[in-house]
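Each ligand, and each atom within it, is numbered from 1 in the order the structure gives.
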Amino acid sequence: MATMTSEPNDCPIQADTAAAEARRRAHKDAPFLAAARGETPSRRPVWMMRQAGRSLPEYREIRKDYGMLESCFNPELLAEITLQPVRRHDADAAILFSDIVVPLKAAGVDLDIVAGRGPVVEHPVRTAEEVTALPIVESSQLDSIVEGIGGVLQGLRDDQVLIGFAGAPFTLASYLVEGGPSKNHEVTKALMYSQPDVWHALMRRLTPTIIRFLQVQAEAGVDALQLFDSWAGYLTARDYREFVRPYSTQIFDAMRAYGIPMIHFGVGTGELLGDMALAGPDVVGVDWRVPLDSAATRVSAALQEADPTAEPTARAKALQGNLDPAVLFAGPEVVETQIARICAEADRAIERGQARGHIFNLGHGVLPNTDPDAITRAFEEVHKR
Ligand code: 1CP
């Protein structure tokens, strides 16, 4: 059934949930889906952010001949790179090989992903005129991603899922406003504080592009979605609520019609976990700084405060996380001890009714020099618990 989503801009976005259901594979006993939905999984699900990429020799081999964005828009490469870590580590989830700036590139924004640096935008967006000139992506500009997703789905077992993703408005805006990666996000924050009208116009302009990128993935058959607000942790909770959350909420509201689990994650967001949970995801991603049982207490307190009459199951979310990526350099005994601690913290939160499930992950992405065998061993260790 086609439903109209809340429209932040003057460009209506239809959600074709029937197409999404037709493309999505039937699952049998998928641990990721069980954990995300608050059911008991047959084993503890695990995947790692940035599991596809430079830690794998087979990835570096492919990338010798192709640029980063070239790989993202090539359906065969996209499918192969997405599947590499799933085969090697027996992951419960694949994450689409793409980047948060892909929908902007597809829409015609002049940007590149520079090796060793990240996304670089040729003409930064800092004025009302530049915001208005920012294109909104059309579904047809993302056809190669749809084709790539089809290839990934063919290569997965029916207990494994494919996670699609997008960057959230704040994190995406940071690259557009700064013109590239930033340590302190000072140009972005200066714009937000000194010209709030321009800031809100930029958020309104980005939101439909993000929704469309996610809809295209949902309609191509992905099983779950993750919205990355990687750099939101640079904001105070007050600023997050005023300048960011309304737009992330619109995105979750628009995507809920597809009925697939949605994850929200940011780095250093310990102080924002409750607010990020209120934006509307089913699963809250936690970085390594906050133990999962403390994270669960923060999330459930925020949900309870927002709606004291809610059913007990609506007062908790599933959690995803949260091994420090650096621990993978510390040897198998340390990794084993840390995994045991994290699983115990998650289980405690579930027993208390403050979390609905646990999807094991790192607290941020795999670091490029990580030994792939250390990653495989970590997956095996999680599956024992
Ligand atoms: O396995 C996977 O996770 C691969 C798919 C993936 C994802 C989910 C890539 C490929 N990028 C992303 C998301 C992404 N891109 C985020 C959110 C997740 C996170 O916090 O890590 C962000 C912030 C970006 C922006 C970006 N793209 C950076 C960070 C720059 C900074 O500000 O510090 C970088 C280095 C890139 C390039 C990139 N994207 C992906 C890869 C494999 C690479 C490296 C490309 C190369 O080989 O040079």
- Message: Any nitrogen or oxygen of R117 lying under 3.5 Å from a nitrogen or oxygen in ligand 1? Just yes or no.
- Response: no
- Task: Kindly indicate whether the side chain of R24, heavy atoms from C-beta on, has any atom under 4.5 Å from the side chain of I260.
- Result: yes
- Task: May I ask you to test the K105-F73 pair for a side-chain heavy-atom distance under 4.5 Å?
- Result: yes
- How about I149 and E219: do any of their side-chain heavy atoms sit closer than 4.5 Å? no
- Note on the structure: re atom 7 (C) of ligand 1, the protein heavy-atom contact at minimum distance is F165 CZ, 3.5 Å
- Going by the atom numbers of ligand 1, which of them fall below 4.0 Å from some non-hydrogen atom of F228? 8 (C), 17 (C), 18 (C)
- Message: As a check for students: among P368, S230, P85, S174, identify the option with a heavy atom nearest to atom 17 (C) of ligand 1.
- Response: S230
- Query: By number and element, which atoms of ligand 1 are closer than 4.0 Å to a non-hydrogen atom of Y175?
  - Reply: 23 (C), 25 (C), 29 (C), 30 (C), 31 (C), 32 (O)
- Item | Protein heavy-atom partner closest to atom 41 (C) of ligand 1 - residue, atom, separation in Å | M68 CE, 3.5 Å
- Query: Any nitrogen or oxygen of P181, main chain or side chain, under 3.5 Å from a nitrogen or oxygen of ligand 1?
  - Reply: no
- Atoms of ligand 1 close to I95 [distance to a heavy atom under 4.0 angstrom, numbered from 1]: 1 (O), 2 (C), 3 (O)
- Query: Is there side-chain contact between L319 and I359, with heavy atoms separated by less than 4.5 Å?
  - Reply: no
- Item | Sole candidate of R44, Q160, H383 that passes side chain to side chain contact (heavy atoms under 4.5 Å, CB included) when paired with D92 | H383
- Task: Examine ligand 1 and decide if any of its atoms is less than 4.0 Å from a heavy atom belonging to T82.
- Result: no
- Query: How far is atom 1 (O) of ligand 1 from its nearest protein heavy atom, and which residue and atom is that?
  - Reply: A52 N, 2.8 Å
- Query: What about D99: any of its N or O atoms under 3.5 Å from an N or O on ligand 1?
  - Reply: yes
- Any idea how H364 and F265 line up, ring-wise: parallel (<30°), tilted (30 to 60°), or perpendicular (>60°)? tilted
- Query: Would you call V131 and T127 a side-chain contact if the rule is heavy atoms closer than 4.5 Å?
  - Reply: no
- Item | G365 near ligand 1 by a heavy-atom separation under 4.0 Å | no
- Within a distance under 4.0 Å of any heavy atom of A115, pick out the atoms of ligand 1 and give their elements. 48 (O)
- Task: Check whether more than 12 heavy atoms from other residues, nucleotides or ligands sit under 6.0 Å from atom CZ of F329, and answer yes or no.
- Result: yes
- Message: List ligand 1 atoms under 4.0 Å from L96, heavy atoms only on the residue side.
- Response: 5 (C)
- Does ligand 1 have an atom that lies less than 4.0 angstrom from a heavy atom of H364? yes
- Going by the order shown, which atoms of ligand 1 are within less than 4.0 Å of some heavy atom of Y59? 42 (C), 47 (O)
- Task: Looking only at protein heavy atoms, identify the closest one to atom 34 (C) of ligand 1 and say how far it is in Å.
- Result: G118 CA, 3.7 Å
- Note on the structure: Among non-hydrogen protein atoms, atom 24 (C) of ligand 1 lies closest to R50 NH2, 3.5 Å
- Message: Show me which atoms of ligand 1 lie under 4.0 Å from any heavy atom of I113.
- Response: 37 (C)
- Query: Tell me, which protein residue and heavy-atom name are nearest atom 9 (C) of ligand 1, and how many Å apart are they?
  - Reply: S98 O, 3.0 Å
- Message: So, 4.0 Å and heavy atoms of W231: is ligand 1 close enough to count as a contact?
- Response: yes
- Task: Around atom 26 (C) of ligand 1, find the nearest protein heavy atom and jot down its residue, atom name and distance.
- Result: P119 CD, 3.4 Å
- Message: I want to know if ligand 1 touches T171 in the polar sense, i.e. an N/O pair below 3.5 angstrom.
- Response: no
- Linking I/L/V/M/F/W/Y whenever their side-chain heavy atoms sit closer than 4.5 Å, directly or via other members, would I95 and L323 fall into one cluster? no
- Task: Describe, in one word, how the ring planes of H200 and Y247 are oriented to each other, choosing from parallel (under 30°), tilted (30 to 60°) and perpendicular (over 60°).
- Result: tilted
- Look at the aromatic rings of F170 and H185 and report parallel, tilted or perpendicular, splitting at 30° and 60°. tilted
- Query: Is any side-chain heavy atom of L225 closer than 4.5 Å to a side-chain heavy atom of F165?
  - Reply: no
- Are any non-hydrogen side-chain atoms of T313 and R356 less than 4.5 angstrom apart? yes
- Answer yes or no: are there more than 12 heavy-atom neighbours, outside E186 itself, under 6.0 Å from its atom CD? yes
- Message: Suppose we measure from atom 47 (O) of ligand 1 to each protein heavy atom; which comes out shortest, and what is that distance?
- Response: R63 NH1, 2.7 Å
